Amino acid sequence: MIYAAAALAILVTMGLALTRALLGPTVYDRILAVNMFGTKTVLLIAVFAFLSDRTDILDIALLYVLINFISVIAVLKLVEQGNFFTSGESTTNKMKSK
Amino acid sequence: MMEFILGHYNYWIVIFLMMLGFYTVISRGNMVKKIVGLNIFQVSVFLLYISIGNVSGGTTPIIAEGFTRYSNPLPHVLILTAIVVGVATTALGLALVVRIKEAYGTIEEDEIHDQDQSL
Amino acid sequence: MIDILIDIILLSFLAIIAIAIIRTRSLLAVIMLFSIFSLLSAGLFMVLDASDVAFTEAAVGAGISTVLMLATLALTKSYEEKPSSHRPWIPLLVVSVTAAFLVYGTIDMPPFGDPNAPAHQHVAPRYIEQGAKETGVPNLVTAVLASYRGFDTLGEVTVVFTAGIGVLLLLGGRQRRKKKKEKR
Amino acid sequence: MIEQQLSLLLVAVPLLAAPVASILPNGRLPWLLALVVSWLCLAMAIWQFIIVLDGHIISYELGGWSPPWGIEYRIDAVNAFVALIVAGIAAVTMPYALRSVEQEIPKKQSSLFYATLLLFLVGLLGIAQTGDVFNLFVFLEISSLSSYVLIGMGRQRRALTAAYQYLIMGTIGATFLLIGIGLLYAETGSLNMVDLHARLENALDNRTVHTAFAFIVIGIGLKLAMFPLHQWLPNAYTYAPSVVTVFLAATATKVAVYVMLRMMFTVFSFSGFVRGTPADEMFLILGTAGIIAASIYAIYQRDAKRLLAFSSVAQVGYMVLGIGFGTALGLTATVVHIFNHALMKGALFMALGAIVYRIGSSQIDKFDGLGRQMPWTFGAIFIGGLSLIGIPGTAGFISKWYLVLAALEQQSWFITATILLGSLLAVVYVWKLVEVLFFRETSKNSKIKEAPLSLLIPMWLLVLANIYFGIDTRLTINAAKAAVQLLGVAP
Amino acid sequence: MILIDSLSWICIVTGGLLGIIGGFGIHRFPDFYSRLHAAGIADTLCALLILLGLALQAGFTLVSLKLFLIFAFLFFTSPTATHALANAALHARLKPKLANGKKK
Amino acid sequence: MKHNLILRVIAKFLIPIIVLFALYVQFHGDYSPGGGFQAGVIFSAAFILYAIVFGLDTAERVVPPRVLQILASIGVLIYAGTGFVTLFLGGNFLDYNVLAEQPVAGQHLGILIIELGVGITVSSVMLLIFFTFAGRNRP
């Protein structure tokens with residue numbers, strides 16, 4: 001029961017984050033919303049693991065955290081430097097915020 | 001009737017998703033977006049398979065104590081393979097897009113078409 | 001019951017995202033939305049009791065595919081999609097016909113989650129009942145993947161390998177910018 | 001021991017060779033490996049063909065699991081025949097590849113290129129051998145992915161767009177196939193072809209199965225370049241490197257035709273799902289439309305490779321017609337045409353490859369008088385062209401003859417007329433090539449030598465095969481008849 | 001037992017509410033930086049509370065270790081991502097919306 | 001990324017954990033979700049993170065592309081090779097029963113080996129693809 005309530009709360013939050021991701025307005029808002037959405041998905045999975053009583057699927061939640069982190073970092077790298085090969089010392093900043 | 005809808009709504013939404021992806025592929029001119037559309041199309045097909053493999057009241061097919069009903073593992077296996085095939089296709093498609101951009105200076109199909117015609 | 005609710009809500013999120021992807025012009029936003037789409041579909045896979053698939057989709061769709069698309073964007077420097085001059089109704093027609101066909105096909109399909117569906121009656125019971133005994137692996141997906149249908153997986157690895165050398169062939173060499181004239 | 005494992009080794013040996021080839025040092029070593037492997041495959045394919053020719057069926061259980069649970073290789077005369085064609089073309093193409101690839105592909109990519117070529121071979125052989133629909137999908141994707149790469153290796157930049165277009169259409173096709181397989185699985189719970197057939201017998205009225213059928217046909221139709229779905233093919237053939245064009249044109253669509261046959265006759269029962277339904281008419285209409293439209297397109301092409309590519313679309317139309325008849329004669333015609341078309345398109349594209357090797361272009365207006373400077377290459381084009389038209393004494397005649405017989409048997413005068421008209425149109429476009437090559441004046445300052453022997457020998461091997469199988473039809477017709485019986489159509 | 005149950009109830013409910021509040025936060029706040037703020041704080045705390053609630057249910061097992069790991073990851077990655085994001089935005093000269101309402 | 005000290009520290013701390021997690025997924029895939037493919041992707045994700053944060057050149061010094069290419073081949077060879085080993089031991093292709101005295105033990109061993117092959121190929125190919133994409137256009 002409590003898990004169901006938690007799942008619902010998380011779903012509502014996801015919906016809110018999703019609307020922000022759709023509305024923008026800047027690219028950073030979108031990234032922020034995507035990040036938040038990812039975090040909430042992780043929580044949803046953790047809750048669902050308990051809901052369905054299969055706690056071994058918590059591994060997936062663990063994976064989600066990682067992947068989410070990496071994709072957010074990758075987006076930032078692209079937005080900030082416009083390429084994937086620099087180590088970060090030089091800043092070419094090809095793309096301004098939208 | 002109600003029972004019929006409850007038993008099939010999942011397929012219908014999945015079909016709707018599939019068609020959104022398919023539409024993106026065939027209606028857009030931007031090559032990256034086409035590949036995104038292709039991915040959506042494929043992921044929706046995966047959802048169709050997994051829906052087929054679902055058993056209500058079942059659980060994920062890892063044998064554990066306290067569970068007797070498991071969902072069908074075969075569609076899961078097929079989809080694992082299909083996901084891999086999908087990412088391989090995506091990688092190749094994107095590689096081609098990069099090369100096309102270098103050769104033509106654009107990734108819009110219309111402009112590429114114009115350039116080829118003017119040759 | 002809550003399963004069904006989560007299922008429906010996640011599916012509608014997916015539909016919203018897919019529509020947004022069609023309508024968004026900024027490619028960066030499209031790719032980020034796609035990343036969410038993958039992540040969410042992976043969540044849906046999990047709700048539908050396919051944890052291995054969820055695992056893979058999360059790692060591949062949200063991880064690798066997104067990063068590759070971003071890398072492509074960095075290389076092509078095309079951040080905006082130009083409005084298409086195609087007439088939209090031909091694709092729309094094709095899609096509607098396909099959708100109509102599919103919906104027609106679902107009419108005779110066994111209801112969602114029906115344990116008596118033919119798909120669960122013929123081949124699958126052996127995997128579920130004997131799989132762990134015959135292979136010594138409690139994760140049935142791994143058992144089927146690696147043993148019963150091990151050859152498919154060999155094919156799958158070959159596909160990955162093909163993609164690897166394919167990308168190397170297409171992008172591996174140094175760029176030949178100076179020869180642009182020759183290339184026509 | 002080898003005899004039992006033969007059907008598997010045919011796929012597994014090139015599969016093992018491909019990763020090895022990719023890490024060999026660049027140069028001739030990977031080519032040598034590919035050559036040896038392709039000849040080994042040919043030997044195994046011949047052996048396998050001899051075993052199954054008398055109606056014997058090889059069933060090989062991969063992983064030791066019995067069929068509906070594991071994957072089965074099920075070899076009958078049809079599979080063995082198709083595998084033989086693929087392996088044979090590969091064995092002839094590999095010697096040809098050496099010089100041609102050295103010229104068209106940068107040396108430092110040669111090992112990867114041959115590895116991809118081997119993977120393409122693996123994919124095609126895997127499709128031909130398997131008896132499991134999902135395994136078929138996987139190997140279809142191996143062959144498709146490698147062909148996208150191979151096409152993209154062409155020297156002109158349009159090769160890239162051609163490859164991209166093929167990638168999109170091919171993937172849509174594969175996804176349609178996947179949907180079809182999924183729906184079939186939902187209705188039957190099985191993936192094994194023979195098992196599916198048994199379980200579909202009493203599902204004739206099932207709407208899901210009808211949809212599955214439609215999706216599978218469209219999916220394969222895309223791979224097959226069936227007439228309205230052929231848009232990827234001309235560009236792909238035109239801009240791919242010469243070797244790739246030869247290989248692709250001679251094998252890829254043939255294997256797709258085989259898959260279509262397999263699906264229509266082994267998985268679905270033809271009499272139940274096709275005969276008397278709109279699908280039946282559809283095949284005939286698309287076949288005739290394909291023959292006429294593609295032949296007319298071919299006439300107006302200015303690029304020789306493109307001309308032949310459209311001719312391929314037309315030839316696919318003949319094969320589709322044969323399927324549409326669904327009679328023993330029609331199927332014989334299709335199966336024989338799979339073989340004969342591989343021979344003639346192989347020879348023709350090899351000859352064009354030799355011209356490209358010498359002059360670096362396949363534009364017809366650059367061919368003026370080339371036939372007199374390269375007499376052997378011209379000879380190959382001439383005889384290959386005759387075979388394409390279907391002149392008696394060439395292989396092409398045999399398949400057209402059977403097709404006409406099949407049409408007459410159905411008393412379908414319209415289709416008979418179409419087949420003849422298609423041949424007439426073929427005369428026009430072949431003549432277009434011959435005229436430019438032989439009867440135009442050579443431009444004065446050009447000194448073009450005959451193509452090197454390593455290109456000529458494989459080319460003429462196929463040309464001679466065209467003549468041989470036009471006179472001695474025992475092998476092809478017997479094989480086709482055995483095949484037709486296995487597909488369950490009463491003779 | 002009841003104590004632990006009720007504790008985990010409280011944790012999960014508060015966590016869920018915080019999540020929703022954070023969700024509203026990224027809609028109600030006027031500009032990017034304040035949204036970042038809302039998301040950052042509410043998000044981390046919400047995750048902490050929910051995971052804590054779950055861990056209380058699971059007891060002292062491998063499961064709670066995994067939950068702890070998830071939390072650790074979130075705890076490290078979420079602020080890192082947020083930080084990097086703020087950095088990037090600042091770097092791209094995205095101006096905060098100031099009291100006088102001037103936007104870039 | 002400029003001013004990214006925090007990112008660097010966190011990445012240094014996270015990457016070993018990710019690799020550890022990948023190994024867990026690889027070898028625990030028989031009992032919980034996961035297996036060679038997933039492990040391979042996670043493993044490559046660790047290196048992708050490394051390359052993004054510390055620069056591609058540094059990452060390529062750690063794992064040169066040529067090595068990756070060889071590893072990719074080795075993975076496929078391990079898988080296909082297992083098939084050939086079972087052939088020589090008298091079974092069918094990929095029939096792991098013959099790998100050990102007991103069929104079940106053989107199955108388990110076979111599954112472990114081929115999952116290893118899958119893991120090696122997938123991780124190296126994914127990394128290779130990323131390096132190739134990221135390194136294009138590098139000055």
Side-chain angles (χ1 to χ4, degrees), chain A residues 1 3-5 7-8 10-12 14-15 17-19 21-24 27 29-31 33-35 37-38 40-42 44-45 47-49 51-52 54 56-79 81-85 94-95 98, chain C residues 1-3 5-6 8-10 12-14 16-17 19-21 23-26 28-36 38-40 42-47 49-75 77 79-80 138-139:
Chain A
M1 187 54 217
Y3 301 133
L8 280 182
I10 293 169
L11 282 173
V12 171
M14 281 167 93
L18 183 61
T19 29
L22 296 182
L23 293 176
V27 77
D29 285 297
R30 291 181 206 274
I31 303 176
V34 168
N35 190 20
F37 197 84
K40 289 298 169 297
T41 320
V42 174
L44 182 68
I45 287 171
V47 170
F48 187 81
L51 192 66
S52 65
R54 294 305 299 253
D56 42 0
I57 51 182
L58 278 176
D59 290 1
I60 303 177
L62 209 54
L63 173 76
Y64 270 53
V65 192
L66 286 174
I67 293 295
N68 193 30
F69 177 65
I70 291 173
S71 53
V72 169
I73 296 294
V75 171
L76 286 172
K77 175 102 175 174
L78 174 67
V79 170
Q81 293 181 357
N83 70 53
F84 276 94
F85 47 79
K94 283 276 158 58
M95 197 196 158
K98 197 184 89 80
Chain C
M1 199 58 215
I2 183 76
D3 287 28
L5 193 66
I6 297 179
I8 292 177
I9 294 179
L10 289 187
S12 32
F13 278 176
L14 281 177
I16 293 171
I17 296 172
I19 293 171
I21 287 176
R23 297 186 55 84
T24 312
R25 282 266 158 70
S26 156
L28 190 61
V30 165
I31 291 170
M32 279 190 298
L33 286 174
F34 173 70
S35 149
I36 297 190
S38 286
L39 211 58
L40 207 55
L44 194 56
F45 286 140
M46 215 195 59
V47 176
D49 297 329
S51 48
D52 272 272
V53 180
F55 215 120
T56 315
E57 177 62 32
V60 172
I64 298 293
S65 294
T66 311
V67 170
L68 287 184
M69 284 175 189
L70 290 172
T72 309
L73 222 52
L75 287 173
K77 306 278 178 217
Y79 296 104
E80 290 291 318
N139 184 347

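Computed from a prediction, not measured in an experiment: that's the story for all the values here. Order of the sequence lines sets the chain letters (A, B, ...), proteins ahead of strands, with each chain counted from 1.
Here the closest heavy-atom approach between residue C:Ala58 and residue A:Leu63 is recorded as CB-CD2, 3.9 Å.
Heavy atoms closer than 4.5 Å to chain C are found in both the backbone and the side chain of A:Ile60. Residue A:Ile45 touches chain C through both its backbone and its side chain, counting heavy-atom pairs closer than 4.5 Å. Of the two parts of C:Leu10, only the side chain, counted from C-beta on, holds a non-hydrogen atom closer than 4.5 Å to a non-hydrogen atom of chain A. For a residue to count as touching a neighbouring chain, one of its non-hydrogen atoms must lie under 4.5 Å from one of that chain's; by this rule A:Leu11 touches chain C with backbone and side chain alike. With a 4.5 angstrom heavy-atom cutoff, A:Ala4 touches chain C via backbone and side-chain atoms both. Residue C:Ile9 touches chain A through its side chain alone, counting heavy-atom pairs closer than 4.5 Å. Of the atoms belonging to C:Ile31, not a single heavy atom falls under 4.5 Å from chain A. A:Leu66 does not touch chain C: none of its heavy atoms, backbone or side chain, sits under 4.5 Å away.
One distance of note links OG of A:Ser71 with CG of C:Leu70; it measures 8.0 Å at 0.5 Å rounding. Within the model, atoms CG of A:Asp59 and CZ of C:Phe55 stand 5.5 Å from one another, a figure rounded to the nearest 0.5 Å. The line from OG1 of C:Thr66 to CG of A:Asn68 is 10.0 Å long, rounded to the nearest 0.5 Å. Interatomic distance, OG1 of A:Thr19 versus CD1 of C:Ile16, reported as 9.0 Å (0.5 Å rounding). One distance of note links CE of C:Met32 with CG of A:Leu78; it measures 9.5 Å at 0.5 Å rounding.
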| message | One pair to check against side chain to side chain contact (heavy atoms under 4.5 Å, CB included): A:Met14 and C:Leu40. What are the steps and the verdict? | response | CA-CA 10 Å; A:Met14 281 167 93; C:Leu40 207 55; 3.5 Å; yes
| query | Please walk me through it: do C:Ile6 and A:Leu51 pass side chain to side chain contact (heavy atoms under 4.5 Å, CB included)? | reply | CA-CA 12 Å; C:Ile6 297 179; A:Leu51 192 66; 4.2 Å; yes
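Contact count against chain A (heavy-atom pairs under 4.5 Å) is highest for C:Val47 among C:Val47, C:Leu73, C:Leu5, C:Asp3. Here C:Ile36 is the residue among C:Ile64, C:Ile36, C:Leu33 with the most heavy-atom pairs under 4.5 Å with chain A.
The main-chain N or O of C:Leu39 is found under 3.5 Å from a side-chain atom of A:Tyr64 such that the two form a donor-acceptor pair.
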